[in-house]
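As structure tokens, the structure follows; a few thoughts come after it.
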Amino acid sequence: MRAWLKRLYRFARKNTITPSRDHVQAPTGKDYQQHDFRIRDLNRAAAKRQATIGKNYSRNEQTPQLLAELKENTVTLPPHNSWTGDYTDWTADPFTDLNWRFQFHTLRWINPYLWEALDGDEDSKTEWKRIVRSWAETNIPPKRAEDKYAWMDMTDGNRAIQTSLGAPLMDQDDQWYVDFLAMHRNWLFDNSNIVPGNHGLHQNLGLFVVSSVLSDEAGVQRSIERLGAQILDAFDSEGLNEEGSVAYHQYNLVWWLQARERLQLEGYDFPTEALERLDKAGETMAYLILPDKTMPQIGDGGRGKGRSGIHPLIDQVMQGEVEDTNLALFRHFPNGLTVSRSGWGEQRPLKDESHTIVRHGPDLERHSHNDRGSVHIYTQGRRWITDGGFHSYQHRSRDRDYTKSRSAHSLVNLSEQRYDKSGDVPARLVQHDDTLHAIEIHDENFESARWLRRVIYLPDMDCWVIWDRVQTDKQQKIRQQWLIDIGVEVSQNDPTSLQLTDDTRQVVMRWFGDHPTFDIVKGNRKTKSKRGLIGIRWKRMKDGTSVHANFTADQAESIVVISTSAVQSLDISLKRRSKMKSFKLDIRSPQGVYRLNVGLSRTRLQKRKIRKS
């Protein structure tokens, strides 16, 4: 057993909730309805304390409006439209949407009745009880439930929290309510019902809250032990979340911080190692946030802003004033991302810094996309090279299928070959110093091809060099994909370069090495084709531009130099090239003349002396 877990156990023993009697620790024979809890066991004070945490549970400015809607038989579960109907019809599915069904069965939407009942309103108290009892009579035991989402993981944990908060409303003849809570306690106590990821987090929090309200020591201790171990899986040793999504990295931070609050309200806390991991995760989030304070769309999630109040460095990024002048500009996270920044606002406004993310690593479950090898580039105050974003969680949705697919990302694709998305895409080379940042990914997950991509960023010149090498078993189309962000116009300057334009800002892409043919398509939501579309939030797509640089060969080498209008004075020329092995670029800039030497195992930038004539 880990040392911190032993310390946690000793700490928990000193800070337990004293039960009114010794309860059985687990149901036998999967009889989740078996228990020995009574009305007198309810810790109503714990229920009131736990009701103060989380936007879905605590009273807020929307509570009065939602209460008025409920009294008109209207349920609103964002981001969905409002629905008016019989809200105790537990097979309801008005929008044919899985997420709506999940939210419906959490019962979080009945919370406005709870708050008015706690204020003394008898009608709301009666209605809150009626809804919960109706759900219980329809869906307990679980095999009776007609909708699988009634006992889907995470639904169960959220419902356990919501319904536990109603303990102060119970009268002495409400033993049915204790039976209801005990059913959830026993279900969540059973390890076989708990899943990994944030769904498991919500399940373990559900066990903690329901056990706290039932005055159940065994359930409280099991939930704390699980949570303390789970946080070390949720965020790796570098502080990166396990779910392959920047938005879910932030969601998990918020949920885990709220989990800590719940524990602290009842006299507990996470062990030191877990707290240190949370702090590291907050710092990592600050690196992932774009200079304009929004989140890059990697994996599921929209273009929302970073969230203040969860880590000091995130707060500084959101304010545009980073205090530490020695923060690293390069961070490599082996499990999924490598980040390069031009700066933290030392010499120019933070929003005008450049930011690059390269995806790589193992296949991450739950909220990741088929995007490893893709590159995201932000510069001059906006996104330029991006990916297809997020649509929804709806199965069998062509929009969701597209946003998750390789076709929606800035990477290399071979349409004639099957691709194993479960395979690893490791970073085989990682270099960084004051003059350059470089990472190379190695992808052998195609049916019969190998792809190498090296992304090089030169901070002083604010330009990128992207070196792709693809080898296949026979001649075929090799497609290098670039998804250009919303509002950017793409034009072809000459046979080997493209110009990206947004108002007065410009980015130029120049191809050295093998010369491709270009296929440029502007996204159009009115057509059946999804190409070029970008999902910006829940079921909302916008038109970007898709660029395909096509090569027809059994091997292709592409050297793309990307520079901004701010450094148009860069004069770049290819000086030497050993195909698929190395090349040299000369770069003339206002700062001087440089040579970029790129080989199989090393990348180097050297300043050259200019010979006098």
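Each residue takes its place number in the sequence, starting with 1.
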- Query: With sequence neighbours left out, what residues match Ser340 under side-chain hydrogen bond (donor to acceptor under 3.5 Å, both in side chains)?
  - Reply: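 Residues passing side-chain hydrogen bond (donor to acceptor under 3.5 Å, both in side chains) with Ser340: His437.
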- Test side-chain hydrogen bond (donor to acceptor under 3.5 Å, both in side chains) applied to Ser573 - qualifying residues, sequence neighbours left out: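 side-chain hydrogen bond (donor to acceptor under 3.5 Å, both in side chains) list for Ser573, sorted by chain: empty.
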- Query: Can you check side chain to side chain donor-acceptor pair (under 3.5 Å) on Glu353 and Ser342, steps first, answer last?
  - Reply: CA-CA 6 Å; Glu353 299 284 9; Ser342 60; 2.5 Å; yes
Is a salt bridge present between [X] and [Y], judged by a nitrogen-to-oxygen distance below 4.0 Å?
{"X": "Asp443", "Y": "Arg428", "value": "no"}
{"X": "Lys530", "Y": "Asp399", "value": "yes"}
{"X": "Arg531", "Y": "Asp519", "value": "yes"}
{"X": "Arg454", "Y": "Asp468", "value": "no"}
{"X": "Arg400", "Y": "Asp300", "value": "yes"}
{"X": "Asp554", "Y": "Lys474", "value": "no"}

- Only one of Leu585, Thr435, Asp434 clears side chain to side chain contact (heavy atoms under 4.5 Å, CB included) with Leu605; which?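 Answer after filtering Leu585, Thr435, Asp434: Thr435.
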- Message: Testing Asp462, Thr379, Val507, Leu570 one by one against Ser563 for a side chain to side chain contact (heavy atoms under 4.5 Å, CB included), which residue passes?
- Response: Leu570
How far apart are the closest heavy atoms of [X] and [Y], and which atoms are they?
{"X": "Arg453", "Y": "Val412", "result": "NH2-CG2, 4.2 Å"}
{"X": "Phe235", "Y": "Ala281", "result": "CD2-CB, 3.4 Å"}
{"X": "Ile385", "Y": "Val375", "result": "CG2-O, 3.5 Å"}
{"X": "Val470", "Y": "Met580", "result": "O-CE, 3.8 Å"}

- Message: Test salt bridge (Lys or Arg N to Asp or Glu O under 4.0 Å) on Arg277 and Asp233; report intermediate values, then the result.
- Response: CA-CA 10 Å; Arg277 190 65 59 87; Asp233 293 327; over 6 Å; no
Do any side-chain atoms of residues 327-335 form donor-acceptor pairs under 3.5 angstrom with protein atoms, and if so which ones, sequence neighbours left out?
residue	atom	partner	partner atom	Å
Arg331	NH1	Glu283	OE2	3.2
His332	ND1	Thr338	OG1	2.7
Asn335	ND2	Asp236	OD2	2.9

- Message: Check whether Trp538 forms a cation-pi arrangement with Arg540 (NZ or CZ under 6.0 Å from the six-membered ring centre, at most 45° off the ring normal).
- Response: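 So Arg540 doesn't make the cation-pi contact.
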- Item | Polar side chain donor-acceptor pair, Thr106 to Asn158, under 3.5 angstrom |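 No, Asn158 and Thr106 have no side-chain donor paired with an acceptor closer than 3.5 Å.
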- Query: Is there a donor in the side chain of Gln480 and an acceptor in the side chain of Trp511, or the other way round, less than 3.5 Å apart?
  - Reply: yes
- Message: If you apply the rule side chain to side chain donor-acceptor pair (under 3.5 Å), what do you find for Arg602 with Gln431, and how did you get there?
- Response: CA-CA 8 Å; Arg602 191 177 181 189; Gln431 280 185 259; over 6 Å; no
Identify, with sequence neighbours excluded, every residue that meets salt bridge (charged side-chain N to carboxylate O under 4.0 Å, His left out) alongside [X].
{"X": "Glu557", "result": "Arg577"}
{"X": "Asp147", "result": "Arg101"}
{"X": "Arg505", "result": "Asp502"}
{"X": "Asp543", "result": "Arg525"}

Strictly distance-based, threshold 3.5 Å: is any side-chain N or O of [X] a donor or acceptor partner for the main-chain N or O of [Y]?
{"X": "Asn193", "Y": "Trp187", "value": "yes"}
{"X": "Gln394", "Y": "Leu98", "value": "yes"}
{"X": "Gln506", "Y": "Leu500", "value": "no"}
{"X": "Arg383", "Y": "Leu290", "value": "no"}
{"X": "Asn241", "Y": "Ala234", "value": "yes"}
{"X": "Asp93", "Y": "Thr96", "value": "yes"}
{"X": "Gln297", "Y": "Thr386", "value": "no"}

Can you list everything that forms a ring-ring contact (aromatic ring centres under 6.0 Å, His included) with [X]? Sequence neighbours excluded, please.
{"X": "Phe446", "answer": "Tyr419"}
{"X": "Trp451", "answer": "none"}
{"X": "Trp467", "answer": "Phe583"}
{"X": "Tyr378", "answer": "none"}

- Message: Could you walk me through whether Lys579 and Asp514 satisfy the salt bridge (Lys or Arg N to Asp or Glu O under 4.0 Å) test, starting with their C-alpha distance in whole Å, then the side-chain angles of each, then the deciding distance to 0.1 Å, before giving a yes or no?
- Response: CA-CA 9 Å; Lys579 188 167 183 177; Asp514 296 344; 3.3 Å; yes
Rounded to the nearest 0.5 Å, what's the gap from [atom1] on [X] to [atom2] on [Y]? Could you check?
{"X": "Met154", "Y": "His105", "atom1": "CE", "atom2": "NE2", "result": "15.0 Å"}
{"X": "Trp384", "Y": "Met509", "atom1": "CH2", "atom2": "CE", "result": "11.5 Å"}
{"X": "Ile314", "Y": "Leu253", "atom1": "CD1", "atom2": "CG", "result": "6.0 Å"}
{"X": "Ile587", "Y": "Asp571", "atom1": "CD1", "atom2": "CG", "result": "10.0 Å"}

- Task: Determine, step by step, whether Asn99 and His80 satisfy the side chain to side chain donor-acceptor pair (under 3.5 Å) criterion, reporting the C-alpha distance in whole Å, the side-chain angles of both residues, the deciding distance to 0.1 Å, and the verdict.
- Result: CA-CA 9 Å; Asn99 178 267; His80 311 281; 2.8 Å; yes
- Task: Would you list the pairs meeting salt bridge (Lys or Arg N to Asp or Glu O under 4.0 Å) in which at least one residue belongs to residues 402-417, sequence neighbours left out?
- Result: none
- ring pair (Phe, Tyr, Trp, His ring centres under 6.0 Å) between Trp344 and Tyr287: does it pass, once the steps are laid out? CA-CA 10 Å; Trp344 291 93; Tyr287 273 85; 5.0 Å; yes
- Task: Would you please test Arg608 and Asp586 for salt bridge (Lys or Arg N to Asp or Glu O under 4.0 Å) and show each step?
- Result: CA-CA 9 Å; Arg608 304 188 67 194; Asp586 274 2; 3.0 Å; yes
- Message: Arg307 vs Val254, test: side-chain contact (heavy atoms from CB on, under 4.5 Å). Steps then yes/no.
- Response: CA-CA 9 Å; Arg307 182 161 174 169; Val254 171; 3.7 Å; yes
- Message: Just checking Arg595: does its CZ atom have more than 12 heavy atoms from other residues, nucleotides or ligands closer to it than 6.0 angstrom?
- Response: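 Enclosed.
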